[in-house]
Amino acid sequence: MRQGHAVVLGGSMAGLLTARVLTGHFARVTIVERDELEGTWAGDPAADPRERAVRRGVPQGRHAHGLLAAGLNVIEELFPGAAGELAAAGVPAGDVLGNVRFCANGFRLKQVPIGLRALSFSRPYLESYVRSRVFALPGVAVRGGTDIAGIEADPARARVTGARIHPRTGAPQTLAADLVVDATGRASRAPRWLGELGYEPPAEERLHVDLAYVSRHYAVDPALLDGDIAIIVGPSAAAPRGGAVMLQEGGRAVITLFGILGDHAPLDDAGFRAYAKRLPLPYVSDIIEASPPLDDEAVRFRYPASTRYRYDRLRRFPKGFVVVGDAMCSFNPMYGQGMSVAGVEALRLGEALGRGGELDAPRFFRAVRPIVDIPWQIATGGDAALPGVQGPRDARTRLVNRYLDRLYATAAHDEVVSLAFSRVTNLLDPPAALLRPGIARRVLGRRRPATA
Ligand SMILES: Cc1cc2nc3c(=O)[nH]c(=O)nc-3n(C[C@H](O)[C@H](O)[C@H](O)COP(=O)(O)OP(=O)(O)OC[C@H]3O[C@@H](n4cnc5c(N)ncnc54)[C@H](O)[C@@H]3O)c2cc1C
């Protein structure tokens, strides 16, 4: 029987997906969030513009946000029928490889349908859909407009007993809880809270990328994409900047340009267009030149570093507390992994609780280690291939990156290799799948063509 009270700190994607899972284990689940949160979803973005409104707590919502196949699987598992409902509401839908044009290191990967659905939406629209499904669940309560001040522990400091909260329109108070989940994102103060309780805080791993996302909405004629719902042009060693065009609900598209180590796209029209022209391939620039902008100017989001807190290495951790999502690991957004990883973590948390009784947080952190390790390797390894990034530079990473260069060239022509690569980047298969003999033979047996 479900009993007890869980409190989720942060009502963004990690918090919402975790709250959904916790409703299977606790009688009451309270989400605490600084922003006021709407719980309705009419489906028609034109009818209710709030569904695509960017909230203060999630400023990245203005920028291209792709959901990997692994993440869509989680959404569908937690909210059966979600993908169909979103597609029926007008979210551009297609095949994850057949209709998503992905370019890596100057090569356009061969596109074939692989039978996995992809959706292309704005981040706020997806979040408002998920929120409406979570808020409708029995036992869920929401404390919007409320700042999280910290956590409370018992006198022995062995167990977290609740969260200190500060509603904007009331007095500070403590919410008692059997489990407190920190889903407050990359600015999480959990390392500090642990230190204050006398625990060793987690070690921090950082990879400095000094990335900026610069985005603008356009009225893009879908015919310009030739049947694709999204185009992603990744950086190459020769031109370490990239861009994405993503069709969205309501007939708009977002175009995001990104660059690292200070090579940031300008916000003004002329500068934005000139920057796009110097991407490794012309697809994004071609769409910009053919489409009327909908926003006066582009907007920027700066992302200094990928950050991973090694909770999985801690020996002591208080009972009744756990950390998920970007608060545990924030990945370079170019790889589109954060929401999907948060979703898989939520499922694992459910499994950890399913084993009965109390959550063994250190065990949970160890169980999610591979779920974080793999996308972390993909992101930091990929970044290390770009000039100037002080990423892992060991012989193994250099070898892997040389292999990947050949793989991209092969995948431009070879659908078996393109499919294998797509499954890895969509977090469906581990990177080791790209070294299987059937793939390696194709990659190493082919001479790299001189051009894409
Ligand atoms: C520019 C950019 C582009 C991205 N693109 C992608 C993509 O394409 N695909 C993808 O999967 N992921 C992407 N991500 C990552 C993705 O946004 C996150 O992984 C995802 O939102 C899950 O994060 P989270 O819920 O853990 O934290 P967040 O989304 O950061 O949410 C934290 C929440 O906690 C609340 N909060 C924080 N502190 C307090 C406090 N003290 N009191 C009250 N409330 C508080 C905030 O208001 C917010 O709602 C991108 C990120 C960035 C920055």
Per the side chain to side chain contact (heavy atoms under 4.5 Å, CB included) rule, which among Thr23, Leu22, Thr30 passes with Phe26? Leu22

Under a 3.5 Å distance rule, please check whether Arg300 uses its side chain to pair with a backbone N or O of Ala265 as donor and acceptor. yes

Can you name the one residue among Val323, Leu9, Val32 that meets side chain to side chain contact (heavy atoms under 4.5 Å, CB included) with Thr184? Leu9

Please work out which of the three classes, parallel, tilted or perpendicular, describes the rings of Tyr125 and Trp41, given edges at 30° and 60°. tilted

Arg131 and Glu38 ion-paired at < 4.0 Å: no

For the residue pair Tyr213 and Phe301, is the inter-centroid distance of their aromatic rings smaller than 6.0 Å? no

Taking every heavy atom of Asn401 against every heavy atom of Gly381, the minimum-distance pair comes out as ND2-O, 3.3 Å

From CA spacing to verdict: side chain to side chain contact (heavy atoms under 4.5 Å, CB included), Arg62, Arg123: CA-CA 7 Å; Arg62 287 194 181 82; Arg123 160 64 194 257; over 6 Å; no

Quick check against the 3.5 Å criterion: does Ser418 have a side-chain atom that pairs as donor or acceptor with the backbone of Lys110? yes

When you compare the side chains of Arg55 and Ser128, does any donor N or O come within less than 3.5 Å of an acceptor on the partner? no

Ring-plane angle category for Tyr311 and Phe365, please: parallel below 30°, perpendicular beyond 60°, tilted otherwise. parallel

Ignoring hydrogens and geometry beyond distance, is a side-chain donor-acceptor pair present between Ser306 and Asn332 at under 3.5 Å? no

When you check the gap from the basic side-chain N to the acidic O, do Glu85 and Arg133 get nearer than 4.0 Å? yes

Between the side chains of Glu205 and Tyr309, does any donor sit under 3.5 Å from an acceptor? no

Expected output: side-chain Tyr283 to main-chain Val245 donor-acceptor under 3.5 Å: no

Mutual orientation of the aromatic rings belonging to Phe317 and Phe321 [parallel < 30°, tilted 30-60°, perpendicular > 60°]: parallel

Full working for side chain to side chain contact (heavy atoms under 4.5 Å, CB included) between Leu294 and Arg252: CA-CA 8 Å; Leu294 296 173; Arg252 308 198 302 176; 3.8 Å; yes

Is Asp312 salt-bridged to Arg366, going by a charged N under 4.0 Å from an acidic O? no

Within the distance-only criterion (no hydrogens, no angle test), does the side chain of Arg216 pair as donor or acceptor with the backbone N or O of Asp296 below 3.5 angstrom? yes

Donor-acceptor under 3.5 Å (Arg101 side chain, Leu225 main chain): yes

Just do the side chain to side chain contact (heavy atoms under 4.5 Å, CB included) check on Ile75 and Leu17 with the steps written out, would you? CA-CA 8 Å; Ile75 302 259; Leu17 298 172; 4.2 Å; yes

Can a donor-acceptor pair be found, under 3.5 Å and without considering hydrogens, that links the side chain of Asp210 to the backbone of Gly262? yes

Do any N or O atoms from the side chain of Asp35 and from the backbone of Gly57 form a donor-acceptor pair under 3.5 angstrom? yes

If you take all heavy atoms of Ser120 and Ala230, which pair is closest and at what distance? OG-CB, 4.4 Å

Could you tell me which non-hydrogen atom of Pro201 sits nearest to which non-hydrogen atom of Leu314, and how far apart they are? O-CD2, 3.8 Å

Kindly determine whether Asp383 and Met334 satisfy side chain to side chain contact (heavy atoms under 4.5 Å, CB included), including the steps that lead there. CA-CA 10 Å; Asp383 289 342; Met334 272 163 32; 3.8 Å; yes

Looking only at side chains, do Glu249 and Ser122 share a donor and an acceptor under 3.5 Å apart? yes

Could you tell me whether the side chains of Tyr303 and Ser330 share a donor-acceptor contact shorter than 3.5 Å? yes

Looking at Tyr129 versus Phe79, is the centre-to-centre ring distance below 6.0 Å? no

Is it true that Glu351 and Arg348 make a salt bridge, defined as a side-chain N closer than 4.0 Å to a carboxylate O? yes

Take Asp326 and Arg308 through the salt bridge (Lys or Arg N to Asp or Glu O under 4.0 Å) test and state the conclusion after the steps. CA-CA 8 Å; Asp326 282 19; Arg308 180 177 186 185; over 6 Å; no

I'd like to know if the side chain of Asp295 reaches the main chain of His217, judged simply by a donor and an acceptor atom lying under 3.5 Å from each other, with no hydrogens or angles considered. yes

Donor-acceptor contact below 3.5 Å, side chain Glu76 vs main chain Gly81: yes

Could you check whether atom CZ of Arg56 has more than 12 heavy atoms from other residues, nucleotides or ligands sitting under 6.0 Å from it? no

Could you check whether Lys277 pairs with Glu289 (Lys NZ or Arg NE/NH1/NH2 to Asp/Glu carboxylate O, under 4.0 Å)? yes

